[in-house]
Amino acid sequence: MSIVVTGATGALGRLVVDALLATVPAGEVVAVVRDKEKAAALAARGVELRIADYSAPETLAGAFRSGDRVLLISGSEVGRRVAQHAAVIDAAKAAGVAQLAYTGILGGPDADFALADEHKATEQLILDSGLPYTFLRNGWYTENYTANPAPVLEHRAVVANAGEGRIASASRADFAAAAAAVLTGDGHLNTAYELSGDTAWSLAEYAAVISGLTGETIAYNNVPAATHQEILVGAGLPEGLAAILVDVDEAIGRGRLAGTSGDLARLIGRPTTPLAETVRAALSAA
């Protein structure tokens, strides 16, 4: 039996592998990757590599073994993910894996925004497959805001159309630790976890945190959805991606990413990473 992480060279996947290697021998961990060279650092740590691509179902035939515990990290190509995920699910079923964990989105079938559609469809495919599953319904990564602080610092403003909505985010490492916990522990089969940070914060509070850490006055500019769409497209984002982000902001305004179930902290056995800690780290690295 191996613990298999798909998308293992991605931002979340690498952190999951790190978390696994802190608790289990490297010989028990397998990384499914598209690019062997990109995964060289994982191989150097003793992790087995299996080369496969979500978009090439034939390559997935040898990606899994009977009894494997598998983490399907959702693909990054919005609009293509249902077919890609279906290929992974089919390969996992054919192999007879013991567990298929999937990184979905907070709220699961109740999430009412466009970004959730492919996640909901994937969860249904997994249920239909009959495989033992664990749904990791991830909330918002704090890094979604902090990965590139330059525009906020340049314009001295956080711009969004989320109103006074709150976001119970956590660090990407927190979510990775939760994935490692369900892959190495027992009692997680046929279970869905609503994963979010311990504390929900508003974008005005986020702006205040940046202000406090930089000594600059950072405002929160809440703008109409159409205006935000224009700003994002003007900054170089494709219209489709901009529309998704604007739609997520509207969902935030409705409270869809504010839930604090406590599942994440319980799985990782500690409080989730505070907003200010992740912001401080991002500013230090900028």
*Within the distance-only criterion (no hydrogens, no angle test), does the side chain of T191 pair as donor or acceptor with the backbone N or O of L189 below 3.5 angstrom?*
yes
*Once you round to the nearest 0.5 Å, how far does CD1 of I73 lie from CG of L71?*
4.5 Å
*V159 reachable from L232 in the ILVMFWY side-chain graph, under 4.5 Å edges*: no
*Quick check: are there more than 12 heavy atoms from other residues, nucleotides or ligands sitting under 6.0 Å from CZ of R81?*
yes
_Could you see if Y220 belongs to whatever hydrophobic cluster contains L275? Use Ile, Leu, Val, Met, Phe, Trp, Tyr and a side-chain cutoff under 4.5 Å._
yes
_Which atom of L42 lies closest to which atom of A31, heavy atoms considered_ = CD1-CB, 4.0 Å
_Nearest non-hydrogen partners of A116 and A111, listed with the distance_ = CB-CB, 3.5 Å
*asked:* Counting the benzene-type ring for Trp, do F175 and Y141 have ring centres under 6.0 Å apart?
replied: yes
*Should I244 and Y145 be regarded as members of a common hydrophobic cluster, given that ILVMFWY residues are connected when their side-chain heavy atoms come within less than 4.5 Å of each other, either directly or indirectly?*
yes
*Is any side-chain heavy atom of V30 less than 4.5 Å from a side-chain heavy atom of V5?*
no
*If only atom types and distance count, is the side chain of Q229 paired as donor or acceptor with the main-chain N or O of E239 below 3.5 Å?*
yes
_Connected via hydrophobic side-chain network under 4.5 Å: L115 and V246_ = no
_Min side-chain heavy-atom separation L125-V82 under 4.5 Å_ = yes
*To the nearest 0.5 Å, how far apart are OG1 in T103 and CG in L72?*
6.5 Å
*Between Y54 and T6, does a side chain to side chain donor-acceptor pair (under 3.5 Å) hold up when you go through it step by step?*
CA-CA 9 Å; Y54 291 174; T6 71; 2.7 Å; yes
*Check whether any side-chain N or O of S211 sits under 3.5 Å from a backbone N or O of E216 as a donor-acceptor pair, and report yes or no.*
yes
_With side-chain hydrogen bond (donor to acceptor under 3.5 Å, both in side chains) as the test, pick out the partner of D174 among T278, T273, T272._
T273
*Using distance alone, with no hydrogens and no angle criterion, decide if S196 and W140 have a side-chain donor and acceptor under 3.5 Å apart.*
no
*About how many Å separate CG of L213 and OG of S284, when rounded to the nearest 0.5 Å?*
8.5 Å
_4.5 Å side-chain heavy-atom contact, I210 and V279_ = yes
*So with a 6.0 Å cut-off around CD of E58, is the heavy-atom count from everything else above 12?*
yes
*Quick one: sort the H85 and Y102 rings into parallel, tilted or perpendicular, breaks at 30° and 60°.*
perpendicular
_Any carboxylate oxygen within less than 4.0 angstrom of a Lys/Arg side-chain nitrogen, looking at K93 and D128?_
no
*Indicate the atoms forming the closest heavy-atom contact of R65 with A63, along with that distance.*
NH1-C, 4.3 Å
*asked:* In this structure, would L257 and L195 fall into the same cluster of hydrophobic residues linked by side-chain contacts under 4.5 Å?
replied: no
*Is the backbone N or O of L183 less than 3.5 Å from a side-chain atom of R69, with the two atoms forming a donor-acceptor pair by type?*
yes
*Any sub-3.5 Å donor-acceptor pair from S261's side-chain atoms to E194's backbone N or O?*
yes
_Verdict with reasoning, D263 to R137, per salt bridge (Lys or Arg N to Asp or Glu O under 4.0 Å)_ = CA-CA 10 Å; D263 283 355; R137 294 172 177 163; over 6 Å; no
*Which pair of heavy atoms, one from I268 and one from A178, lies closest together, and at what distance?*
CG2-N, 3.5 Å
*Are side-chain N/O atoms of E164 and S202 paired as donor and acceptor at under 3.5 Å?*
no
*Check: G163 main-chain N/O paired with N222 side-chain donor or acceptor under 3.5 Å*: yes
*Under a 4.0 Å N-O cut-off, is there an ion pair linking E48 with R50?*
yes
_Less than 4.0 angstrom from a charged side-chain N to a carboxylate O is my criterion; do R166 and E205 meet it?_
yes
*For V70 and I3, run side-chain contact (heavy atoms from CB on, under 4.5 Å): C-alpha distance rounded to whole Å, both residues' side-chain angles, the deciding distance at 0.1 Å, then the answer.*
CA-CA 6 Å; V70 177; I3 299 172; over 6 Å; no
*Give the C-alpha distance, both sets of side-chain angles, the deciding distance and a yes or no for side-chain contact (heavy atoms from CB on, under 4.5 Å) between T9 and D35.*
CA-CA 9 Å; T9 56; D35 188 332; over 6 Å; no
_Within the structure provided, determine whether V4 and V32 are in side-chain contact (heavy-atom separation under 4.5 Å)._
yes
*For the side chain of D249 and the backbone of A160, is there at least one donor-acceptor N/O pair under 3.5 Å apart?*
no
*Got a second to check how far E28's CD is from D68's CG, nearest 0.5 Å?*
11.5 Å
*Nearest-0.5 Å distance, CD1 of residue I89 to CG of residue L127*: 9.5 Å
_Option among N144, L203, T199 that satisfies the side-chain contact (heavy atoms from CB on, under 4.5 Å) test with I167_ = L203
_Can you confirm whether the side chains of T134 and Q99 place a donor and an acceptor under 3.5 Å from each other?_
yes
*Closest approach of T184 to A180 (non-hydrogen atoms, all atoms of both residues)*: OG1-O, 2.8 Å
_Is any side-chain heavy atom of I105 closer than 4.5 Å to one of F113?_
yes
*Is there a donor-acceptor pair closer than 3.5 Å between any side-chain N or O of N161 and the backbone N or O of A225?*
no
*Would you call R256 and D110 a salt bridge, using N to O less than 4.0 angstrom?*
no
_If you compare all heavy atoms of V16 against all heavy atoms of A179, which two are closest, and at what distance to 0.1 Å?_
CG2-CB, 4.1 Å
*Report yes if some heavy atom in the side chain of L60 is under 4.5 Å from a heavy atom in the side chain of V88; otherwise report no.*
yes
*Cut-off 3.5 Å, side chains only: do S55 and R80 have a donor facing an acceptor?*
yes
*Evaluate the side-chain contact (heavy atoms from CB on, under 4.5 Å) criterion for residues H119 and N138: first the C-alpha distance (whole Å), next the side-chain angles of each, then the deciding distance (0.1 Å), finally the verdict.*
CA-CA 11 Å; H119 292 298; N138 289 354; over 6 Å; no
*How many angstroms lie between CG in L20 and CG in L15, if you round to the nearest 0.5 Å?*
11.0 Å
*Can you tell if the side chain of L283 reaches within under 4.5 Å of the side chain of L153, non-hydrogen atoms only?*
yes
*Flag the pair V29 / L21 as yes when at least one side-chain heavy-atom distance between them is below 4.5 Å, and no otherwise.*
yes
